[in-house]
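Note that these values count all heavy atoms, side chains included, but never hydrogens, waters or copies made by symmetry.
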Amino acid sequence: MIILIYILIVLFATTVGATTGLGGGIIIKPLLDVVGFHSVDEIGFFSSVAVFSMCVISLYKQLRRKTEFNKNIVYSLSFGSVIGGFLGEYAFQFIFNIWNNQQVKAVQASVLLITLLVIFYYTLVSNRIKSLQVKSKIGSVLIGLFLGMISVFLGIGGGPLNVSMLMFCFSFPIREAAFYSLATIFFSQLSKLGISVLGGSFITYDLKMIPFLIITAIIGGLIGTKLNQSLSIKRIEQLYSLLIIFLILLSAYNVIVNIL
């Protein structure tokens with residue numbers, strides 16, 4: 001029964017994640033927290049595995065379609081996100097070792113809620129805010145570092161934070177921002193998984209879940225990539241906004257449950 005619940009969550013999350021550039025993890029993490037069957041560190045690992053699998057497929061499909069992109073921006077963002085992923089994972093392990101499972105969930109949910117509220121506000125006023133045109137490699141690296149660190153620390157993959165930040169900093173339309181977001185998510189999650197594998201911590205996890213998560217995430221990535229290419233930008237933006245509202249409510253619930 002738990003495996004079926006996880007499959008449905010991951011399929012939904014990775015499908016809409018690939019469609020909107022949310023990445024899936026920002027939906028998987030809070031939903032698995034609600035289910036509460038595994039510890040917070042296992043949930044973070046499961047989320048990373050699913051998101052990484054989805055990113056591999058989504059990026060492969062987009063590259064096969066010969067999606068145009070700026071290589072310098074991709075390389076700079078990716079380099080920064082790898083470093084940020086390492087920093088975010090070490091920060092998470094630090095608080096995980098000094099606080100209990102419920103306290104860690106409360107901290108993550110609180111930071112995620114604040115982040116989502118800021119993103120939602122930006123979504124509402126974005127038409128009245130002049131976006132930037134970041135051109136320097138150092139600037140792109142720092143943006144990637146910040147996004148990678150926050151996404152891995154929260155166990156969310158990146159999602160709307162990546163998309164909003166990239167739209168603001170580089171003046172990307174949402175579909176283009178979604179592509180760069182997936183690239184950033186790929187490398188930040190790669191660094192997190194690398195730490196878990198090299199450190200051996202994954203051995204203690206419930207590994208029988210992994211094959212189901214990978215297969216489901218791949219299917220979700222394929223469906224989501226197709227939807228991203230077929231839907232209009234307006235539809236993608238509407239779906240994006242609805243998901244942000246849903247995630248704000250879900251994060252608020254997780255904050256309340258874990259604090260009380």
side-chain contact (heavy atoms from CB on, under 4.5 Å), that's the test. Do Phe172 and Ile73 meet it? Break it down for me.
CA-CA 12 Å; Phe172 290 145; Ile73 293 178; 4.0 Å; yes
So, Ser140 versus Tyr180: side-chain donor-acceptor pair below 3.5 Å or not?
no
Measuring only between side-chain heavy atoms, which start at C-beta, is Leu250 closer than 4.5 Å to Leu31?
yes
Could you give the distance from OG (Ser48) to CZ (Phe45), rounded to the nearest 0.5 Å?
8.0 Å
Can you name the nearest heavy-atom pair linking Gln189 to Val152, along with the distance?
NE2-CG2, 3.9 Å
Within the 4.5 Å heavy-atom criterion, are Ile9 and Thr216 side-chain neighbours or not?
no
Do Leu147 and Met165 have side chains that get closer than 4.5 Å, going by heavy atoms?
yes
How about His38 and Tyr6: are their ring centroids closer than 6.0 Å?
yes
What distance separates Asn258 CG from Gln103 CD, expressed to the nearest 0.5 Å?
10.5 Å
Do Val74 and Asn70 have side chains that get closer than 4.5 Å, going by heavy atoms?
no
List, one per line, each side-chain donor-acceptor pair under 3.5 Å for residues 105-124, sequence neighbours excluded.
from: Gln108; atom 1: OE1; to: Lys29; atom 2: NZ; distance (Å): 2.8
from: Gln108; atom 1: NE2; to: Phe153; atom 2: O; distance (Å): 2.9
from: Ser110; atom 1: OG; to: Ala106; atom 2: O; distance (Å): 2.7
from: Thr115; atom 1: OG1; to: Val111; atom 2: O; distance (Å): 2.8
from: Thr123; atom 1: OG1; to: Ile119; atom 2: O; distance (Å): 2.9

Counting distance only, does the side-chain N/O of Thr19 pair as donor-acceptor with the main-chain N or O of Gly224 below 3.5 Å?
yes
If you take the centroid of each ring, where Trp contributes its six-membered ring, are Phe69 and Phe179 closer together than 6.0 Å?
yes
Is NZ or CZ of Lys192 both nearer than 6.0 Å to the six-membered ring centre of Phe92 and within 45° of the ring axis?
yes
Under 3.5 Å, is there a donor-acceptor pair between the side chain of Ser181 and the main chain of Ala177?
no
With sequence neighbours left out, what residues match Lys234 under salt bridge (charged side-chain N to carboxylate O under 4.0 Å, His left out)?
none
Donor-acceptor pair, Ser230 side chain versus Leu227 backbone, under 3.5 Å?
yes
4.5 Å side-chain heavy-atom contact, Ser78 and Val82:
no
Residue pair Met167 / Val163, side-chain heavy-atom distance below 4.5 Å:
yes
Just verifying a value: how many Å separate Leu242 CG and Glu237 CD, rounded to the nearest 0.5 Å?
12.0 Å
Minimum heavy-atom separation for Asp206 to Phe46, with atom names?
O-CZ, 3.5 Å
Distance alone, cut at 3.5 Å: any donor-acceptor contact between the side chains of Ser131 and Ser171?
yes
Kindly indicate whether the side chain of Gln102, heavy atoms from C-beta on, has any atom under 4.5 Å from the side chain of Val40.
no
Check: Ser47 side chain, Ile43 main-chain N or O, donor-acceptor pair, under 3.5 Å:
no
Expected output: side-chain Ser251 to main-chain Ile248 donor-acceptor under 3.5 Å:
no
Is there side-chain contact between Phe146 and Ser81, with at least one heavy-atom pair below 4.5 Å?
no
Treat each ILVMFWY residue as a node, draw an edge where side-chain heavy atoms are under 4.5 Å apart, and state whether Ile98 and Tyr90 are in one component.
yes
